[in-house]
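Quick notes on the structure that follows.
In what follows, chains carry the letters A, B, and so on, assigned in the order in which the sequence lines appear, proteins first and then strands, with residues in each chain numbered from 1. Please read all numbers here as calculations on a predicted model, not as lab measurements.
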Number of protein chains: 2
Amino acid sequence: MDVSGRTYPQLALDAQLCFPLYAATRAVTKRYVTLLKGTGLTYPQYLVMLVLWESDEPLSVTSLGQRLRLDSGTLTPLLKRLETAGLVRRERDPGDERRVLVSLTEDGRDLEEQVSDVPQELGASMGITRDEALALRDQLTELVDHLDTADSARG
Amino acid sequence: MDVSGRTYPQLALDAQLCFPLYAATRAVTKRYVTLLKGTGLTYPQYLVMLVLWESDEPLSVTSLGQRLRLDSGTLTPLLKRLETAGLVRRERDPGDERRVLVSLTEDGRDLEEQVSDVPQELGASMGITRDEALALRDQLTELVDHLDTADSARG
DNA sequence: CACAACTGTATTGCGCACAACTTAATCGCG
DNA sequence: CGCGATTAAGTTGTGCGCAATACAGTTGTG
(Lines give C-alpha, C1' and ligand atoms only; values in the text may rest on other atoms or scores of the structure.)
Protein backbone atom coordinates (compact mmCIF):
# COMPACT_ATOMS: atom_id res chain seq x y z
CA MET A 1 0.00 0.00 0.00
CA ASP A 2 2.99 2.29 0.40
CA VAL A 3 2.98 4.13 -2.85
CA SER A 4 5.71 6.63 -2.09
CA GLY A 5 8.85 6.35 -4.11
CA ARG A 6 7.24 4.62 -7.05
CA THR A 7 7.87 5.91 -10.51
CA TYR A 8 4.18 5.61 -11.41
CA PRO A 9 2.17 5.85 -8.16
CA GLN A 10 -1.06 6.14 -10.14
CA LEU A 11 -0.60 2.49 -11.15
CA ALA A 12 -0.89 1.23 -7.56
CA LEU A 13 -3.70 -1.31 -7.40
CA ASP A 14 -5.16 0.32 -4.30
CA ALA A 15 -5.11 3.79 -5.84
CA GLN A 16 -7.59 2.83 -8.53
CA LEU A 17 -11.33 2.39 -8.71
CA CYS A 18 -11.28 -0.37 -11.28
CA PHE A 19 -10.08 -3.16 -9.03
CA PRO A 20 -12.64 -2.80 -6.21
CA LEU A 21 -15.32 -2.58 -8.89
CA TYR A 22 -14.11 -5.78 -10.51
CA ALA A 23 -13.73 -7.51 -7.14
CA ALA A 24 -17.16 -6.36 -5.97
CA THR A 25 -18.87 -7.80 -9.03
CA ARG A 26 -17.19 -11.14 -8.52
CA ALA A 27 -18.04 -11.12 -4.82
CA VAL A 28 -21.70 -10.37 -5.60
CA THR A 29 -21.78 -13.10 -8.23
CA LYS A 30 -20.31 -15.54 -5.76
CA ARG A 31 -22.94 -14.61 -3.19
CA TYR A 32 -25.64 -15.21 -5.80
CA VAL A 33 -24.38 -18.74 -6.32
CA THR A 34 -25.36 -19.41 -2.73
CA LEU A 35 -28.62 -17.47 -2.85
CA LEU A 36 -29.73 -19.06 -6.13
CA LYS A 37 -28.81 -22.57 -5.14
CA GLY A 38 -32.00 -24.55 -5.40
CA THR A 39 -33.29 -22.62 -8.38
CA GLY A 40 -30.61 -23.97 -10.71
CA LEU A 41 -30.05 -20.45 -12.04
CA THR A 42 -26.72 -18.76 -12.60
CA TYR A 43 -26.50 -15.05 -11.96
CA PRO A 44 -26.74 -14.00 -15.64
CA GLN A 45 -29.65 -16.39 -16.06
CA TYR A 46 -31.30 -14.79 -13.03
CA LEU A 47 -30.92 -11.37 -14.66
CA VAL A 48 -32.62 -12.65 -17.81
CA MET A 49 -35.44 -14.02 -15.70
CA LEU A 50 -35.79 -10.64 -13.93
CA VAL A 51 -36.33 -8.97 -17.29
CA LEU A 52 -38.85 -11.59 -18.39
CA TRP A 53 -40.79 -11.35 -15.11
CA GLU A 54 -40.99 -7.59 -15.65
CA SER A 55 -42.46 -7.99 -19.09
CA ASP A 56 -46.06 -8.79 -19.96
CA GLU A 57 -45.05 -9.71 -23.50
CA PRO A 58 -42.59 -12.19 -24.95
CA LEU A 59 -39.27 -10.45 -25.69
CA SER A 60 -36.95 -10.81 -28.64
CA VAL A 61 -33.30 -11.72 -28.09
CA THR A 62 -32.32 -8.21 -29.17
CA SER A 63 -34.61 -6.45 -26.70
CA LEU A 64 -33.37 -8.69 -23.90
CA GLY A 65 -29.87 -7.79 -25.00
CA GLN A 66 -30.57 -4.08 -24.96
CA ARG A 67 -31.97 -4.26 -21.46
CA LEU A 68 -29.00 -6.25 -20.13
CA ARG A 69 -26.34 -4.90 -22.49
CA LEU A 70 -25.56 -8.38 -23.73
CA ASP A 71 -25.28 -9.61 -27.32
CA SER A 72 -26.61 -12.69 -29.06
CA GLY A 73 -23.30 -14.50 -28.64
CA THR A 74 -23.92 -14.49 -24.90
CA LEU A 75 -27.70 -14.74 -24.88
CA THR A 76 -28.34 -17.49 -27.42
CA PRO A 77 -26.58 -20.29 -25.50
CA LEU A 78 -27.84 -18.92 -22.17
CA LEU A 79 -31.44 -18.94 -23.42
CA LYS A 80 -31.00 -22.45 -24.77
CA ARG A 81 -29.97 -23.57 -21.29
CA LEU A 82 -33.02 -21.87 -19.79
CA GLU A 83 -35.15 -23.61 -22.41
CA THR A 84 -33.59 -26.96 -21.56
CA ALA A 85 -34.34 -26.25 -17.91
CA GLY A 86 -37.97 -25.73 -18.90
CA LEU A 87 -38.14 -22.12 -17.75
CA VAL A 88 -38.58 -20.35 -21.09
CA ARG A 89 -39.87 -21.00 -24.62
CA ARG A 90 -38.04 -19.82 -27.75
CA GLU A 91 -40.22 -19.36 -30.83
CA ARG A 92 -39.69 -17.58 -34.13
CA ASP A 93 -41.87 -14.50 -34.45
CA PRO A 94 -44.46 -15.45 -37.11
CA GLY A 95 -44.61 -11.80 -38.14
CA ASP A 96 -40.84 -11.55 -38.62
CA GLU A 97 -39.04 -14.83 -38.98
CA ARG A 98 -35.70 -13.24 -38.17
CA ARG A 99 -36.76 -12.66 -34.59
CA VAL A 100 -36.91 -15.21 -31.80
CA LEU A 101 -39.44 -14.45 -29.09
CA VAL A 102 -38.61 -15.60 -25.58
CA SER A 103 -41.49 -16.22 -23.21
CA LEU A 104 -41.90 -17.76 -19.77
CA THR A 105 -43.27 -21.21 -19.20
CA GLU A 106 -45.46 -21.96 -16.23
CA ASP A 107 -42.38 -23.20 -14.33
CA GLY A 108 -40.53 -20.05 -15.28
CA ARG A 109 -43.32 -17.88 -13.94
CA ASP A 110 -43.55 -19.93 -10.75
CA LEU A 111 -39.87 -19.39 -10.04
CA GLU A 112 -40.43 -15.70 -9.31
CA GLU A 113 -41.97 -16.40 -5.93
CA GLN A 114 -39.03 -18.63 -5.00
CA VAL A 115 -36.49 -15.85 -5.47
CA SER A 116 -38.56 -13.01 -4.03
CA ASP A 117 -36.40 -12.87 -0.90
CA VAL A 118 -33.09 -12.85 -2.77
CA PRO A 119 -32.72 -9.05 -3.09
CA GLN A 120 -33.21 -8.53 0.61
CA GLU A 121 -30.83 -11.34 1.51
CA LEU A 122 -28.20 -9.89 -0.77
CA GLY A 123 -28.76 -6.45 0.72
CA ALA A 124 -28.18 -7.88 4.17
CA SER A 125 -24.89 -9.41 2.99
CA MET A 126 -23.61 -6.10 1.71
CA GLY A 127 -23.60 -4.37 5.07
CA ILE A 128 -24.94 -1.07 3.76
CA THR A 129 -28.22 0.71 4.26
CA ARG A 130 -30.91 0.76 1.62
CA ASP A 131 -30.21 4.45 0.99
CA GLU A 132 -26.51 3.83 0.54
CA ALA A 133 -27.28 1.03 -1.87
CA LEU A 134 -29.58 3.26 -3.92
CA ALA A 135 -26.99 6.06 -4.01
CA LEU A 136 -24.34 3.58 -5.12
CA ARG A 137 -26.71 2.24 -7.75
CA ASP A 138 -27.23 5.72 -9.17
CA GLN A 139 -23.52 6.50 -9.24
CA LEU A 140 -22.75 3.27 -11.04
CA THR A 141 -25.55 3.84 -13.52
CA GLU A 142 -24.04 7.22 -14.35
CA LEU A 143 -20.63 5.62 -14.69
CA VAL A 144 -21.96 3.13 -17.22
CA ASP A 145 -23.57 5.89 -19.27
CA HIS A 146 -20.33 7.86 -19.40
CA LEU A 147 -18.20 4.85 -20.27
CA ASP A 148 -20.52 3.78 -23.06
CA THR A 149 -20.27 7.12 -24.79
CA ALA A 150 -16.54 7.36 -24.02
CA ASP A 151 -15.61 4.11 -25.67
CA SER A 152 -17.58 4.69 -28.82
CA ALA A 153 -16.47 8.32 -29.08
CA ARG A 154 -12.76 8.13 -28.36
CA GLY A 155 -12.30 4.72 -30.01
CA MET B 1 -39.40 1.06 -15.00
CA ASP B 2 -42.91 1.37 -13.60
CA VAL B 3 -42.77 -0.96 -10.69
CA SER B 4 -46.22 -0.30 -9.27
CA GLY B 5 -48.67 -3.14 -9.38
CA ARG B 6 -46.06 -5.86 -9.47
CA THR B 7 -46.32 -8.76 -7.10
CA TYR B 8 -42.60 -8.56 -6.27
CA PRO B 9 -41.48 -4.96 -6.90
CA GLN B 10 -38.13 -5.67 -5.22
CA LEU B 11 -37.27 -7.88 -8.20
CA ALA B 12 -37.36 -4.98 -10.67
CA LEU B 13 -34.02 -4.80 -12.44
CA ASP B 14 -33.78 -1.05 -11.88
CA ALA B 15 -34.56 -1.35 -8.18
CA GLN B 16 -31.41 -3.32 -7.49
CA LEU B 17 -27.75 -2.49 -7.06
CA CYS B 18 -26.45 -5.70 -8.56
CA PHE B 19 -27.18 -4.92 -12.18
CA PRO B 20 -25.47 -1.50 -12.43
CA LEU B 21 -22.51 -3.04 -10.65
CA TYR B 22 -22.33 -5.86 -13.15
CA ALA B 23 -22.87 -3.51 -16.09
CA ALA B 24 -20.26 -1.05 -14.81
CA THR B 25 -17.61 -3.74 -14.56
CA ARG B 26 -18.27 -4.86 -18.10
CA ALA B 27 -18.23 -1.28 -19.35
CA VAL B 28 -14.90 -0.63 -17.61
CA THR B 29 -13.46 -3.85 -19.02
CA LYS B 30 -14.59 -2.85 -22.48
CA ARG B 31 -12.94 0.55 -22.10
CA TYR B 32 -9.72 -1.17 -21.07
CA VAL B 33 -9.71 -3.14 -24.29
CA THR B 34 -9.33 0.16 -26.08
CA LEU B 35 -6.87 1.66 -23.61
CA LEU B 36 -4.68 -1.46 -23.54
CA LYS B 37 -4.69 -1.99 -27.26
CA GLY B 38 -1.06 -1.87 -28.29
CA THR B 39 0.18 -3.55 -25.13
CA GLY B 40 -1.44 -6.87 -26.00
CA LEU B 41 -2.76 -7.11 -22.44
CA THR B 42 -6.26 -8.07 -21.41
CA TYR B 43 -7.71 -6.37 -18.35
CA PRO B 44 -7.06 -9.27 -15.93
CA GLN B 45 -3.54 -9.55 -17.33
CA TYR B 46 -3.09 -5.81 -16.71
CA LEU B 47 -4.15 -6.31 -13.08
CA VAL B 48 -1.55 -9.05 -12.67
CA MET B 49 1.08 -6.74 -14.13
CA LEU B 50 0.03 -3.98 -11.70
CA VAL B 51 0.72 -6.30 -8.80
CA LEU B 52 4.06 -7.38 -10.21
CA TRP B 53 5.13 -3.79 -10.87
CA GLU B 54 4.31 -3.02 -7.24
CA SER B 55 6.51 -5.80 -5.97
CA ASP B 56 10.26 -5.79 -5.62
CA GLU B 57 10.33 -9.55 -5.29
CA PRO B 58 9.05 -12.39 -7.47
CA LEU B 59 5.60 -13.46 -6.27
CA SER B 60 4.11 -16.92 -5.94
CA VAL B 61 0.88 -17.81 -7.70
CA THR B 62 -0.86 -17.94 -4.33
CA SER B 63 0.24 -14.48 -3.24
CA LEU B 64 -0.81 -13.04 -6.59
CA GLY B 65 -4.13 -14.77 -6.07
CA GLN B 66 -4.59 -13.35 -2.61
CA ARG B 67 -3.94 -9.85 -3.84
CA LEU B 68 -6.37 -10.16 -6.76
CA ARG B 69 -8.80 -12.63 -5.19
CA LEU B 70 -8.22 -15.11 -7.99
CA ASP B 71 -7.39 -18.80 -7.77
CA SER B 72 -4.88 -20.96 -9.61
CA GLY B 73 -7.52 -22.13 -12.09
CA THR B 74 -7.68 -18.57 -13.38
CA LEU B 75 -4.09 -17.52 -12.83
CA THR B 76 -2.17 -20.50 -14.20
CA PRO B 77 -3.37 -20.19 -17.81
CA LEU B 78 -3.25 -16.38 -17.61
CA LEU B 79 0.35 -16.46 -16.40
CA LYS B 80 1.27 -18.92 -19.13
CA ARG B 81 -0.06 -16.44 -21.69
CA LEU B 82 1.98 -13.65 -20.10
CA GLU B 83 5.00 -15.95 -20.22
CA THR B 84 4.39 -16.72 -23.89
CA ALA B 85 4.14 -12.98 -24.51
CA GLY B 86 7.57 -12.63 -22.91
CA LEU B 87 6.42 -10.39 -20.06
CA VAL B 88 6.97 -12.72 -17.10
CA ARG B 89 9.05 -15.72 -16.07
CA ARG B 90 7.63 -18.71 -14.17
CA GLU B 91 10.13 -20.71 -12.14
CA ARG B 92 9.77 -23.25 -9.38
CA ASP B 93 11.00 -21.94 -6.04
CA PRO B 94 14.22 -23.88 -5.36
CA GLY B 95 13.51 -23.59 -1.63
CA ASP B 96 10.00 -25.05 -1.97
CA GLU B 97 9.37 -26.94 -5.17
CA ARG B 98 5.60 -26.68 -4.74
CA ARG B 99 5.70 -22.94 -5.35
CA VAL B 100 6.02 -21.19 -8.70
CA LEU B 101 7.62 -17.78 -8.54
CA VAL B 102 6.48 -15.22 -11.08
CA SER B 103 8.88 -12.43 -11.98
CA LEU B 104 9.01 -9.70 -14.60
CA THR B 105 11.21 -9.89 -17.65
CA GLU B 106 12.88 -6.80 -19.02
CA ASP B 107 10.00 -6.42 -21.50
CA GLY B 108 7.53 -6.79 -18.66
CA ARG B 109 9.20 -4.07 -16.67
CA ASP B 110 9.39 -1.80 -19.70
CA LEU B 111 5.67 -2.07 -20.25
CA GLU B 112 4.93 -0.06 -17.10
CA GLU B 113 5.88 3.20 -18.71
CA GLN B 114 3.62 2.46 -21.68
CA VAL B 115 0.50 2.16 -19.52
CA SER B 116 1.29 4.99 -17.11
CA ASP B 117 -1.40 7.20 -18.63
CA VAL B 118 -4.12 4.53 -18.57
CA PRO B 119 -5.54 5.34 -15.11
CA GLN B 120 -5.98 8.98 -15.97
CA GLU B 121 -7.54 8.19 -19.34
CA LEU B 122 -9.96 5.81 -17.70
CA GLY B 123 -10.79 8.41 -15.06
CA ALA B 124 -11.61 10.89 -17.80
CA SER B 125 -13.95 8.35 -19.40
CA MET B 126 -15.89 7.87 -16.19
CA GLY B 127 -17.10 11.42 -15.94
CA ILE B 128 -16.58 11.70 -12.21
CA THR B 129 -14.16 13.72 -10.14
CA ARG B 130 -11.13 12.17 -8.51
CA ASP B 131 -12.78 12.56 -5.09
CA GLU B 132 -15.96 10.85 -6.24
CA ALA B 133 -13.88 8.01 -7.66
CA LEU B 134 -12.01 7.58 -4.39
CA ALA B 135 -15.24 7.62 -2.38
CA LEU B 136 -16.73 5.03 -4.71
CA ARG B 137 -13.56 2.95 -4.41
CA ASP B 138 -13.86 2.94 -0.62
CA GLN B 139 -17.54 2.03 -0.64
CA LEU B 140 -16.92 -0.87 -3.03
CA THR B 141 -13.95 -2.07 -0.98
CA GLU B 142 -16.20 -2.19 2.08
CA LEU B 143 -18.83 -4.03 0.07
CA VAL B 144 -16.33 -6.69 -0.92
CA ASP B 145 -15.24 -7.18 2.67
CA HIS B 146 -18.82 -7.64 3.84
CA LEU B 147 -19.73 -10.02 1.03
CA ASP B 148 -16.67 -12.17 1.61
CA THR B 149 -17.53 -12.73 5.25
CA ALA B 150 -21.25 -13.11 4.44
CA ASP B 151 -20.78 -15.91 1.96
CA SER B 152 -18.44 -17.94 4.09
CA ALA B 153 -20.52 -17.38 7.22
CA ARG B 154 -24.08 -17.92 6.00
CA GLY B 155 -23.11 -20.63 3.52
C1' DC C 1 12.42 -42.78 9.44
C1' DA C 2 7.36 -43.72 8.28
C1' DC C 3 3.29 -41.79 7.14
C1' DA C 4 -0.78 -39.06 7.42
C1' DA C 5 -2.14 -34.33 6.94
C1' DC C 6 -1.45 -30.33 4.63
C1' DT C 7 0.01 -26.95 1.00
C1' DG C 8 0.78 -25.11 -3.71
C1' DT C 9 0.00 -25.56 -8.35
C1' DA C 10 -2.05 -27.54 -12.33
C1' DT C 11 -5.99 -29.65 -14.80
C1' DT C 12 -10.79 -30.28 -16.15
C1' DG C 13 -15.29 -28.85 -17.08
C1' DC C 14 -18.86 -25.41 -17.44
C1' DG C 15 -20.80 -20.92 -18.16
C1' DC C 16 -20.30 -16.58 -19.33
C1' DA C 17 -18.61 -12.13 -22.38
C1' DC C 18 -17.55 -10.54 -26.62
C1' DA C 19 -15.42 -9.88 -31.28
C1' DA C 20 -15.85 -11.55 -35.78
C1' DC C 21 -18.30 -13.94 -38.96
C1' DT C 22 -22.29 -16.53 -41.19
C1' DT C 23 -26.93 -17.18 -42.57
C1' DA C 24 -31.59 -16.11 -43.20
C1' DA C 25 -35.28 -12.77 -43.44
C1' DT C 26 -36.86 -8.18 -44.27
C1' DC C 27 -36.69 -3.54 -46.06
C1' DG C 28 -35.89 0.20 -49.27
C1' DC C 29 -35.37 2.08 -53.52
C1' DG C 30 -35.43 2.35 -58.40
C1' DC D 1 -40.80 -6.68 -59.11
C1' DG D 2 -35.54 -7.03 -58.53
C1' DC D 3 -31.77 -6.57 -55.76
C1' DG D 4 -28.47 -4.47 -52.65
C1' DA D 5 -28.49 -2.93 -47.79
C1' DT D 6 -29.93 -3.80 -43.37
C1' DT D 7 -31.40 -6.47 -39.42
C1' DA D 8 -31.82 -10.61 -36.23
C1' DA D 9 -30.07 -14.59 -34.50
C1' DG D 10 -26.70 -18.11 -34.42
C1' DT D 11 -21.78 -19.86 -34.65
C1' DT D 12 -16.88 -19.86 -33.69
C1' DG D 13 -12.88 -18.84 -31.15
C1' DT D 14 -10.45 -16.74 -27.17
C1' DG D 15 -10.03 -15.57 -22.43
C1' DC D 16 -11.59 -15.35 -18.14
C1' DG D 17 -13.73 -17.13 -13.24
C1' DC D 18 -14.34 -20.77 -10.42
C1' DA D 19 -15.63 -25.35 -8.41
C1' DA D 20 -13.84 -29.80 -8.18
C1' DT D 21 -10.21 -32.70 -8.56
C1' DA D 22 -5.42 -34.48 -9.06
C1' DC D 23 -0.92 -34.66 -7.63
C1' DA D 24 3.71 -33.55 -6.24
C1' DG D 25 6.17 -31.61 -2.48
C1' DT D 26 6.41 -30.40 2.48
C1' DT D 27 5.47 -30.65 7.35
C1' DG D 28 4.27 -32.60 11.71
C1' DT D 29 4.07 -36.55 14.76
C1' DG D 30 5.36 -40.62 16.88
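- For the atom pair CG of B/Leu104 and CG of B/Leu87, the computed distance is 8.5 Å after rounding to the nearest 0.5 Å.
- B/Ser60 comes within 4.0 angstrom of the backbone, heavy atoms only, and of no base.
- Listed pair A/Tyr22 / D/dG17 meets the phosphate criterion, a side-chain N or O lying under 4.0 Å from OP1 or OP2.
- Of the candidate nucleotides D/dT11, C/dC18, C/dC16, C/dC18 has the atom lying nearest to any side-chain atom of A/Asp71.
- You'll find that the side chain of B/Pro44 is closest to D/dG17, out of C/dA17, D/dA24, D/dG17.
- A chain of hydrophobic side-chain contacts below 4.5 Å, direct or via other Ile, Leu, Val, Met, Phe, Trp or Tyr residues, connects B/Trp53 to B/Leu64.
- Of the candidates D/dC16, C/dC16, D/dA19, the closest approach to any side-chain atom of A/Lys30 belongs to D/dA19.
- Candidate nucleotides C/dT9, D/dG17, D/dT11 were compared by shortest atom distance to the side chain of B/Val61, and C/dT9 ranks first.
- Between the side chain of B/Ser72 and the base of C/dA10, at least one donor-acceptor pair of N or O atoms lies under 3.5 Å.
- In this structure, B/Asp148 places its CG atom 10 Å from P of D/dC18, rounding to the nearest Å.
- Nearer to the 5' terminus of DNA chain C, by closest-nucleotide assignment, is the contact made by A/Arg69 (compared with the other of A/Arg69 and A/Gly95).
- Between A/Thr62 and B/Pro94, it is A/Thr62 whose nearest contact on DNA chain D lies nearer the 5' terminus.
- One can place CZ of B/Arg92 at 9 Å from C1' of D/dG25, the figure rounded to the nearest angstrom.
- Comparing C/dA17, C/dC16, D/dC18 by their closest approach to the side chain of B/Leu70 singles out D/dC18.
- Listed nucleotides: C/dA17, C/dG15, C/dA10. Nearest to the side chain of B/Thr76: C/dA10.
- Taking the side chain of A/Lys80 as heavy atoms from C-beta on, and the options D/dG15, D/dA9, D/dG10, the nearest nucleotide is D/dG10.
- Side-chain proximity of B/Asp96 to D/dC16, D/dG25, C/dA19: nearest is D/dG25.
- Atom CD of B/Glu97 is separated from atom C1' of D/dT27 by 16 Å (rounded to the nearest Å).
- The CD-C1' distance, from A/Glu91 to C/dA25, rounds to 18 Å in whole Å.
- Salt bridge B/Asp148/A/Arg26: absent, no basic N to carboxylate O contact under 4.0 Å.
- Applying the 4.0 Å criterion to OP1 and OP2 of C/dA24, one finds that A/Arg99 has every side-chain N and O outside that range.
- With C/dC18, D/dG15, D/dG17 as the choices, the nucleotide that has an atom nearest any side-chain atom of B/Arg81 turns out to be D/dG15.
- Within the structure, ring-ring contact (aromatic ring centres under 6.0 Å, His included) contacts touching residues 6-25 of chain A (residues at least two apart or in different chains) are A/Tyr22-B/Tyr43.
- Looking only at distances, a side-chain donor or acceptor of A/Thr149 sits under 3.5 Å from a matching main-chain atom of A/His146.
- B/Leu75 comes within contact range of no nucleotide atom at all, as no heavy-atom separation falls under 4.0 Å.
- Between the side chain of B/Arg98 and the base of D/dT26 there is no donor-acceptor pair of N/O atoms closer than 3.5 Å.
- Spacing between atom CD of B/Gln66 and atom C1' of C/dT9 amounts to 14 Å, rounded to whole angstrom units.
- The side chain of B/Val100 lies closest to C/dT9 when the candidates are D/dA8, C/dT9, D/dG17.
- With rounding to whole Å, B/Leu47 atom CG is found 13 Å from D/dG17 atom C1'.
- D/dG28 is paired with C/dC3 under the criterion used here, namely a Watson-Crick or G-U wobble arrangement in which both key atom distances are under 3.5 Å.
- Using a distance-only test at 3.5 Å, with no hydrogens or angles considered, no donor-acceptor pair links the side chain of B/Arg89 to the main chain of B/Ser103.
- When each of B/Asp93 and A/Thr74 is assigned the nucleotide of DNA chain D bearing its nearest heavy atom, the one mapping closer to the 5' terminus is A/Thr74.
- In this structure, A/Lys37 places its NZ atom 12 Å from C1' of D/dC18, rounding to the nearest Å.
- Cluster annotation: B/Leu101 and B/Leu50 are assigned to distinct hydrophobic clusters (Ile/Leu/Val/Met/Phe/Trp/Tyr, side-chain heavy-atom contacts under 4.5 Å, transitive).
- In this entry the distance linking OH of A/Tyr43 with P of D/dG17 reads 15 Å, nearest Å.
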